[in-house]
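Attaching a single structure in structure tokens format; questions to follow.
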Amino acid sequence: MTSTRKLAKEKMMVVEGSYAVAHAVKVCRPNVISAYPITPQTHIVEDLSQFMADGEIPNCEYINVESEFSALSALVGASAAGARTYSATTSQGLELMHEVLFNVSGMRLPIVMTVANRAVSAPINIWNDQQDSISQRDTGWIQMHAEDPQEAADMVAQSFRIAEDRDVLLPVMPCMDAFVLSHVYEPMVLLEQDLVDEYLPPFEPEFVLDPKNPRTFGAFADPSTYTEFRYLQAKAMDKALEKVEEAANEFNEVFGRYYGGLIDEYEEEDAEIVIVAMGSIIGTVKDVIDKLRSKGEKVGLLKVRSFRPFPIEAVRKALKDARVIVVLDKNISMGLNEGALCTEIKACLYNTDIDAPVIGFMIGHGGRDVPPSTINHIIDQARDVMSSGITVESQFTDVREELI
Amino acid sequence: MKILPGGVCEPRSTMVNKTGGWRTYRPVFDYNKCIKCKLCELLCPDMSVLPRDDGFFEIDYDFCKGCGICANECPKDAIEMVLEEK
Amino acid sequence: MKEIRIHGRGGQGSVTAAELLAVAAFADGRFSQAFPAFGVERRGAPVQAFTRIGDEPIRLRSQVYEPDYVIVQDATLLEVVDVAGGIKDEGIILINTEFSPDKLELDTKAKIMTVDATKVALDIIGRPIVNTVLLGAFAGATGEVRPESIENAVKKRFPGKVGEKNAEAIQKAYEIIMEAKP
Amino acid sequence: MRNLLASGHRGCAGCCNAMAAKFTLMAAGEDCIVVSPTGCLEVMTTPYPESSWGVPWIHSLFENAAAVASGVEAALKAMGKAEKTKVLVIGGDGATIDIGIRSISGAFERGHDITYVCVDNEAYMNTGVQRSGGTPFDASTTTSPAGKVSFGNQRPKKNMPAIIVAHGSPYVATASLAYPKDMIRKIRAAIDTKGPTYVHVHSPCTTGWGFDTSKTVEVARLAVETAMWPMYEIENGRVIKVHKIKEQKPVEDYLKMQRRFKHLFTMEGGDEEIKKIQHIADTNVEEFGLIK
């Protein structure tokens, strides 16, 4: 199934992406929101605090913490006490949370935290890339990437559903590209309270901090049990694979919008060149593909929606007939000198019958714009690979040679 | 044992861990001297001084680690630390 | 799809103008997208904002390089910013100035139109707020949006007397441009 | 009263942390939620799957206990359970005075209704007696050892209660394990005071300080009697009560019981150092009017 949207124009209004996300949080009925300002996530938490100031979020406390470290730490306590919890952050803020991220997933607390993906210092840069969340890939959070602001908002409700599922109980990081999605105004449907109530059951955890049943959270595990804790966490991630799909499908049933589950495919079935990408670049790539298709070129798109858990089987299935696989990454693993998505794609094709060449392009670092011409240029190189094989496995795109 | 999500533990479950084996000296009450002041019970870091129905106390040797705080602090020297015979 | 670039200075409401234009176009039954040039500019510095208007949902998320229309909120920007940069030959540059187009030296094949939005704003609103006023002129100059939709968007955004005054100024700027049109 | 801290914990014989936690829970009662940062108390009471705690308890990280507590408090408030259930932190000096100070500062500034109990044994005992911001002048630790050219830790103890007072806390007190009833009363007063409150408990550690396991209370008492540890209560910034000393004992009485100060009695120039420590005690006497 490919992404579908019932365009209910009478329900749509032009709002900022951050506002749509904040509204989605509101109708998910959170109990505790914590926030520390950091550009460009601020609009989300500002809108939420305005909702609080206007009395629009009942049974909710909003904590203005003194750091991102405490933003997430406060939610550890709140979530363990049985609250539905939300925060949003980006870049340096997310990196400051690094230790807490592990703690949250290890304690199996279903916190949802939007990440407005931004580059990481140094040099300091407030613009979009995905280095921040990609660098947190091993912290045990479910990590999903939205292609547009409507999906970023809808993903909040889906995230709570996935996170709080008793077979999962893992935190979720719905990611949206900074500025490109967080600061854009466009027609969107604001999630309807009645439909969200139908879609998202109340948070009723099995274990809570409760004097009537005084349990201990966060115990110390020695080598005799630590392995099993890690194993169970990994199993929960496996379980999340089907729950991500389920959350997307049921969202479609209730709201009439679908963006893919673990992945989405666009003009992919007979594609010789398949572009693999995540986030806001998807829309631009789709426009480019439409133009190329109209000229009869077999180019398609595999959108990776769930980066963690990584949808190995779905990716293999989607790529089985590709002749060249082109991976776009708004991040880089220094020393390997390729993007994380590229590495993952290659890894999941190994030990299979698929032997299509995989080439990686690192794009859009620190807000460098990715116009259609850049995508076209990348596809030109993919055509060369199809005819004469790989020369460069992974490379930067649009490097300004005159500065080097 | 089955690991619960997040490693939640049941309350007061260290009671299965009998720390009495750590002891070198054991406290022994001299009830003739004891004035039932309860200080030993209050100060015991191992919660192993237990009240009896008659108002006196007894040592829970399952848990007493033999630190000797009770004997050291007893205002009437009613507790003697005696070398454990193993 | 049409692409619009708005030039202004920090604090002049360029982003708001881009947003209101998107709201108005959507009210007209079209699809739209508005976004700022994401920067760290402070009050007074030259800034840009963009709007896209089309008949299909807009997926493109890159910046605007070859706009169909350019709106310039402040003629002093002509000295410091290449407001005509990348504009299509058949495009329109709408500039807030008291001067007529032939008095402006701009190296472009695009059509230049001018309106003294500052005067309109001072006369009607009483303050030199031109971002909304220029949208009325834009409606007249391009026909991409209905002036009523601009007025409604502005009245919804600024309820009460402020919105009413703005709407009046928008209508006035629209009329000025319509009269000036050949 | 049923002990809300169970036997079977892995604390050392004579453990100050166990005593401090026991007294704190005696003050708090059953209807509370306790947050503990990483440290001896956490490790010794919760080796999975066991727990000594008879009240709901949570550990997250070393440096975030106050933030976690503020989240628990906010959740209780949001869900309408805040009025009765009290939220406490019981944490060591490292977690409080050093690594956790940012999250404490934030939580106290925000005014959460929590009570923070610092169990101060004046070094990082959980990792093997390294110096902390709570380590007193001239104490020898594994990272501030006495040596041929050093008398040990060369900085005075950080004044954490004053820092908390500066946050506008409505109730700040210092207490000692040697005065359990006083300590319990103060913690109860802290809990009963709305807003973020703080009790700093001087807690001698048999292992880290080097004294016999039976002497935990005795050493604690000597700290008070020598005026090395002044006990006071501060309400809304004003000292309302001070624990008076009948007859101030010389600091040698306190120092000579502990291995961490042994070098002061064996090294040349040690007597001069002891005079400096006596000066610290005398300053406490003067500042708080400790002598009757």
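Residue numbers start from 1 in every chain, and the chains themselves are labelled A, B, ... in the order their sequence lines are given, proteins ahead of strands.
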Main-chain N/O of Cys67(B) paired to Thr213(D) side chain as donor or acceptor, under 3.5 Å: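 Yes, because the side chain of Thr213(D) sits within donor-acceptor range (under 3.5 Å) of the backbone of Cys67(B).
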Check your understanding: When rounded to the nearest 0.5 angstrom, what is the spacing between CH2 in Trp57(D) and SG in Cys9(B)?
Key ->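 If I round to the nearest 0.5 Å, the distance is 8.5 Å.
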Notebook entry, point to check: Considering only heavy atoms, which portion of Thr45(D) lies under 4.5 Å from any heavy atom of chain B: side chain, backbone, both, or neither?
Noted result: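 The backbone, not the side chain.
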Side chain to side chain, Leu43(B) and Pro180(D), heavy atoms closer than 4.5 Å: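 Yes - at least one pair of side-chain heavy atoms lies under 4.5 Å apart.
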Original post:
Taking side chain as C-beta onward, heavy atoms only, is Leu5(D) less than 4.5 Å from Arg12(B)?
Top reply: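 Side-chain contact under 4.5 Å: no.
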- Proximity of residues 215-224 of chain D to chain B, residues having a non-hydrogen atom under 4.5 angstrom: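 The residues closer than 4.5 Å to chain B, in numerical order, are Lys215(D), Thr216(D), Val217(D), Glu218(D), Arg221(D).
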- Query: Are the side chains of Met19(D) and Ile69(B) in touch, meaning some heavy atoms are under 4.5 Å apart?
  - Reply: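 Met19(D) reaches Ile69(B) side chain to side chain.
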Quiz item: When you look at NZ of Lys244(D), are more than 12 heavy atoms from neighbouring residues, nucleotides or ligands closer to it than 6.0 Å?
Solution: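 Counting neighbours around NZ of Lys244(D), more than 12 heavy atoms of other residues, nucleotides or ligands fall under 6.0 Å, so yes.
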Short side-chain to backbone donor-acceptor contact, Ser13(B) and Ser51(D), under 3.5 Å:
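Side chain of Ser13(B) to backbone of Ser51(D), a donor-acceptor pair under 3.5 Å: yes, one is there.
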Task: Val16(B) versus Glu50(D), closest heavy-atom pair with distance - done: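 What the structure gives for the nearest pair is CG2-OE2, 3.4 Å.
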| Lys262(D) NZ: over 12 foreign heavy atoms closer than 6.0 Å |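 Not more than 12 within 6.0 Å, no.
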ask   = Okay, side chain of His9(D), backbone of Met15(B): is any donor-acceptor separation there less than 3.5 Å?
value =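 Checking the backbone N and O of Met15(B) against the side chain of His9(D), no donor-acceptor pair under 3.5 Å is found.
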Fill in: N/O donor-acceptor pair under 3.5 Å between Ser7(D) side chain and Asp46(B) backbone
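Pair found, side chain donor or acceptor close to backbone of Asp46(B).
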Any idea which of Gly68(B), Cys70(B), Gly66(B) has the most non-hydrogen atom pairs under 4.5 angstrom with chain D?
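Greatest number of close heavy-atom pairs with chain D: Gly68(B).
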Practice task
Could you have a look at Thr19(B), Leu42(B), Asp60(B), Asp62(B) and say which one has the most heavy-atom pairs with chain D under 4.5 angstrom?
Solution key: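 So the answer, after comparing Thr19(B), Leu42(B), Asp60(B), Asp62(B), is Leu42(B).
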Tyr48(D) versus Met1(B): any side-chain heavy-atom pair under 4.5 Å?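 Result yes, sub-4.5 Å side-chain heavy-atom pair found.
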